[in-house]
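Everything below concerns the one structure shown next.
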Amino acid sequence: MIIKSENFNLKQIADSGQCFRMLEIDKDTYSLVAFDRYIELKQIDDETIELSCDEDEYKEIWHNYFDMDYDYSHIYKRLISGDDEFLRDAASFGKGIRILQQDPFEILISFIISQNKNIPAIMSSIEAISRMFGEEKASGSRTYYTFPSPKALSMVSLEELREAKLGYRDKYVQNAARLVASGELDLNLLKKSDPRVAFKELNNLLGVGPKVANCISLFGLHHLEMVPVDVWIKRSIEEVYDNKFDWDEYEGYAGIVQQYMFYYMRFGYNKED
DNA sequence: TTCCAGGTGGACA
DNA sequence: TGTCCACATGGA
């Protein structure tokens, strides 16, 4: 089926570092595994996306996954007409970025794995744990592996996790999976709770510092005001703003602003092409 | 080969 | 409370 939106670009979303299972399989065409489903998406033009699912599945899963009820054009227009030149450029460059509503458990584990790894290495570890501990499924002739459930992952040994190249993060992943599987950590509750409370609880987990807790809050709990500060954001605030940047100016959607900055800093700013 | 990666825990001052 | 460093491993 076809959907239309001015602010929806598959490449920008796939490269924005929030989602590790969206792969370019052909020109302008991506595969994606999420919520135990497999889908293929094609960017037809700037505002048209073709999805390989029917309307029922779209309504059930993907409409919400791609956060279609949030008005990104409103944020985009505000930045593009603002007086901050860097943010004007960043928003223009990443016009099609959206904050996906991904599975909180998958995001929790994915961003615990992400620390001190580059994005390709994160993707390969996540693919490995899905192959090893997820469920094998088929979509047409294509085989794919769902992200492991909390229960499945909670029963895995540290040795098995090491085989997925998690390195020293093995115990962090095992600990988090066990807490979710036992019900001690309730991510769905955190999604509904105050963002500061959720952040604190995540930050208390072993292997989860402020950066990862913010990523889980923004990408897993859809707390759009939370701002992960990584090397790229640090770099932009140092180089562009002389270490003076006030996130409070973007109250309620600072996380989206952060995402424009991240994407622009990585792929647009100071680049020849 | 060397350096770096969407960082964090633990030791120490 | 702030700074320093080890940590596993792959990708460039």
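To find a chain, count down the sequence lines: A is the first, B the second, and so on, and within it residues start at 1. Computed from a prediction, not measured in an experiment: that's the story for all the values here.
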Task: Partner residues of Arg131(A) under the side chain to side chain contact (heavy atoms under 4.5 Å, CB included) criterion, sequence neighbours left out - done: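 Arg131(A) satisfies side chain to side chain contact (heavy atoms under 4.5 Å, CB included) with Glu127(A), Tyr145(A) once adjacent residues are dropped.
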TODO: Please check if atom NZ in Lys200(A) has more than 12 non-hydrogen atoms from other residues, nucleotides or ligands closer than 6.0 Å.
DONE: no
[N] and [M]: how far apart are their [atom1] atoms, nearest whole angstrom?
N: dT1(B); M: dG10(C); atom1: P; value: 15 Å
N: dA11(B); M: dA8(C); atom1: P; value: 15 Å
N: dA6(C); M: dC3(B); atom1: P; value: 15 Å
N: dT3(C); M: dG6(B); atom1: C1'; value: 22 Å

Open item on the list: Tell me whether Glu160(A) contacts the main-chain N or O of Ser157(A) through its side chain, where contact means a donor paired with an acceptor under 3.5 Å.
Closed with: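 It does hold such a pair.
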Grab the [atom1]-[atom2] distance between [X] and [N] for me, whole Å please.
X: Glu127(A); N: dT9(C); atom1: CD; atom2: P; value: 20 Å
X: Lys171(A); N: dA6(C); atom1: NZ; atom2: C1'; value: 11 Å
X: Leu166(A); N: dG10(C); atom1: CG; atom2: C1'; value: 13 Å

Open item on the list: dA6(C), OP1 or OP2 - any side-chain N/O from Arg169(A) closer than 4.0 Å?
Closed with: no
Task: Nucleotide paired to dA6(C) in any strand shown, Watson-Crick or G-U, under 3.5 Å - done: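 dT8(B) - that is the nucleotide pairing with dA6(C), both distances being under 3.5 Å.
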- [ ] Could you let me know what dG11(C) is paired to, Watson-Crick or G-U wobble, both distances under 3.5 Å, or none if it's on its own?
- [x] dC3(B)
- [ ] Sugar-phosphate atoms are those with a prime plus P, OP1 and OP2; base atoms are the rest. Using that split, label each nucleotide of nucleotides 6-13 of chain B B, S or - for protein heavy atoms under 4.0 Å, 5' to 3'.
- [x] BBSS----
Task: Separation between CZ of Arg78(A) and CZ of Arg88(A), rounded to the nearest 0.5 Å - done: 16.0 Å
TODO: May I ask you to establish whether Arg98(A) and Phe8(A) are in a cation-pi arrangement, using a distance under 6.0 Å from NZ or CZ to the six-membered ring centre and at most 45° from the ring axis?
DONE: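 Yes, Arg98(A) and Phe8(A) form such a contact.
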Task: Heavy-atom pair with the smallest gap, counting every atom of Ser110(A) and Ile126(A) - done: OG-CD1, 3.3 Å
TODO: Compute the centroid of each ring, for Phe147(A) and then for Phe133(A), and state whether the two points are separated by less than 6.0 Å.
DONE: no
Task: Comparing Ala121(A) and Gly167(A) on DNA chain C - which has the more 5′ nearest nucleotide - done: Gly167(A)
